[in-house]
2 protein chains.
Amino acid sequence: MTVQLAISPASRSFAPWTETTIDEDGLSAGPALRYEQDREIYGEGEDADCYYKVVSGVVRTCKFLSDGRRQIDAFHVAGDVFGIETGGLHSLSAEAVSDCRIVAYRRVPLDKAGTQSVSPRLLAQVLRNLSRAQDHAVLLGRRSAIEKVAAFLLDWARQSCASGTIGLAMTRQDIGDYLGLTIETVSRTLSQLERDGVIELPSVRQIRVTNVEALNDLNG
Amino acid sequence: MTVQLAISPASRSFAPWTETTIDEDGLSAGPALRYEQDREIYGEGEDADCYYKVVSGVVRTCKFLSDGRRQIDAFHVAGDVFGIETGGLHSLSAEAVSDCRIVAYRRVPLDKAGTQSVSPRLLAQVLRNLSRAQDHAVLLGRRSAIEKVAAFLLDWARQSCASGTIGLAMTRQDIGDYLGLTIETVSRTLSQLERDGVIELPSVRQIRVTNVEALNDLNG
DNA sequence: CGTCCAGTTGACTCACCTCAAACGTGGTGG
DNA sequence: CCACCACGTTTGAGGTGAGTCAACTGGACG
């Protein structure tokens with residue numbers, strides 16, 4: 001199983017909850033693992049003996065309901081840390097949205113870590129994820145479809161942008177499952193924004209924002 | 001301003017990001033601050049020089065959109081920690097849902113904490129909040145009104161229950177803003193659950209669950 | 001040139017929202 | 001003790017934003 005393989009490079013990091021092998025860009029922490037598009041990195045319920053940092057590419061973390069409905073928690077890009085969990089098990093699953101490189105760090109479950117202290121950098125990463133999750137909740141609970149899409153575009157432009165045109169790594173389905181919408185609604189909303197002269201859609205996976213103010217207005 | 005007053009008892013805790021004055025129940029960490037119902041504990045954008053732990057009562061943390069729409073992030077009960085933020089400012093506001101007692105702990109912003117390490121207990125609390133936020137996102141993005149209400153009831157029964165009857169600390173408006181619904185939909189859904197024999201509503205703020213399985217089924 | 005699959009578009013439906021009125025309960029004052 | 005008010009809640013009637021189902025489009029690839 002690839003996951004076994006995935007863990008091995010991290011074993012050089014022995015201290016629990018430390019980042020001794022992580023440096024600012026994460027590149028020298030050991031060889032990056034490669035995951036090709038749509039590969040699962042870990043599944044809901046699997047042992048959470050590692051956490052991860054994205055080196056390149058995009059990763060989605062998500063949850064599933066028993067009937068298959070999916071909610072994407074976040075898209076992670078270079079520098080983002082994901083997979084840090086309370087218990088010994090991952091409560092989300094993680095998948096490669098695009099081909100990507102990822103560094104794994106071995107961890108010890110919190111309940112076995114005793115009084116060993118934690119790097120503030122790690123805490124900062126967790127707090128960043130928490131803050132994103134809180135913003136996401138407002139979006140999911142209180143915004144209309146067009147506001148959701150506008151917020152997503154602004155957010156993604158900031159994260160990924162080679163300014164001018166946004167390159168989408170993900171499908172409409174991914175966007176829908178991130179925003180709590182169906183693909184049809186995502187598609188229709190993008191078309192409407194195009195008709196309104198707010199964006200252009202040179203190709204399916206490329207979006208050019210021609211009127212940022214309009215998006216900012218929609219963002220409240 | 002009451003917030004100034006609120007901070008003082010925490011000043012006995014000097015080390016940044018430590019919990020030396022916190023013990024398991026949080027009661028001996030210093031005198032608890034009292035907040036009466038609907039008092040603001042801190043506002044969005046205020047300096048986050050303290051974080052907090054609930055001793056008794058219920059606290060809500062929430063965000064507002066510019067037009068007044070509100071999303072409640074979480075209800076916090078005895079033992080829960082809230083108000084730990086990435087930057088120097090609170091990104092949510094916190095208010096007393098019921099009269100409550102709260103302990104404040106002074107903190108130092110992460111960016112000034114340097115390499116000082118962090119208690120794993122604090123990290124565990126943050127991870128708990130993160131996990132709750134992730135569950136909340138699935139609820140907001142992918143569940144129907146009746147599923148939302150069922151999930152809320154089960155959740156709240158677990159947190160607050162003197163088994164048998166659930167005592168609600170919050171209004172329908174609070175529940176709606178937590179679940180991403182209007183008060184009318186919350187009310188109608190509760191009425192429907194009552195008609196279906198799943199719950200009883202002896203009074204507005206009391207709910208007796210008569211059929212837990214039905215709720216669990218709705219919860220997926 | 002045909003197949004496949006992601007995306008788009010259209011027609012229709014429905015879950016939830018909006019607006020409005022009625023209800024109930026707790027508090028206040030006569 | 002009762003009349004009245006305030007406010008949170010419930011209920012009803014009607015509207016609508018987003019979902020559903022289905023047909024169509026357009027690149028990518030063999």
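Chain letters run A, B, ... following the sequence lines, proteins first, then strands; residues in each count from 1. Hydrogens, waters and symmetry mates play no part in the numbers below; they use all other heavy atoms, side chains included.
In this model, the phosphate group of D/dA18 is not approached by any side-chain N or O of A/T182 to a distance below 4.0 Å at OP1 or OP2. Contact annotation: B/T185 side-chain N/O to C/dC17 OP1/OP2 distance is under 4.0 Å. For D/dT11, the OP1/OP2 oxygens have no side-chain nitrogen or oxygen of B/S187 closer than 4.0 Å.
Residue B/S144 has its side chain nearest to C/dC16 when only D/dT9, C/dC16, C/dT8 are considered.
For C/dC16, the base has no donor-acceptor partner in the side chain of B/E184 [N/O atoms by modelled type, under 3.5 angstrom]. Remark: the B/Q173 side chain and the D/dC7 base include no donor-acceptor N/O pair separated by less than 3.5 Å. A donor N or O paired with an acceptor N or O is found under 3.5 Å between the base of D/dT20 and the side-chain atoms of A/R188.
Applying the salt bridge (Lys or Arg N to Asp or Glu O under 4.0 Å) test between B/R60 and each of B/D73, B/D174, B/D177 identifies B/D174 as the sole match. Among B/Q125, B/K53, B/R128, the one residue that satisfies the side chain to side chain donor-acceptor pair (under 3.5 Å) test with B/D80 is B/R128.
By the neighbour-count criterion of 12 heavy atoms within 6.0 Å, atom CZ of A/R34 is sparsely surrounded, having that number or fewer from other residues, nucleotides or ligands.
Mapping A/T171 and A/R142 onto DNA chain C by nearest heavy atom places A/T171 closer to the 5' end of the strand.
Counting all heavy atoms, side chain and backbone alike, A/L181 lies closest to B/R142 at O-NH2, 2.9 Å.
Within 4.0 Å (heavy atoms only), A/G180 reaches sugar-phosphate atoms of the nucleic acid but no base atom. Counting non-hydrogen atoms under 4.0 angstrom, A/S203 reaches nothing in the nucleic acid. Here A/L181 lies in heavy-atom contact (under 4.0 Å) with sugar-phosphate atoms only.
The CG atom of B/L201 sits 7 Å away from the P atom of D/dT10 (whole-angstrom rounding). Rounded to whole Å, atom P of D/dT20 lies 11 Å from atom CG of A/D67. One can place NZ of A/K148 at 12 Å from C1' of D/dG19, the figure rounded to the nearest angstrom. Rounded to whole angstrom, the span from the CG atom of B/L190 across to the C1' atom of D/dT10 amounts to 11 Å. Per the geometry, CD1 belonging to B/I146 stands 14 Å off P belonging to C/dC17, to the nearest Å.
The aromatic rings of B/F82 and B/Y52 sit parallel to each other, their planes meeting at less than 30°, with 60° as the upper class boundary.
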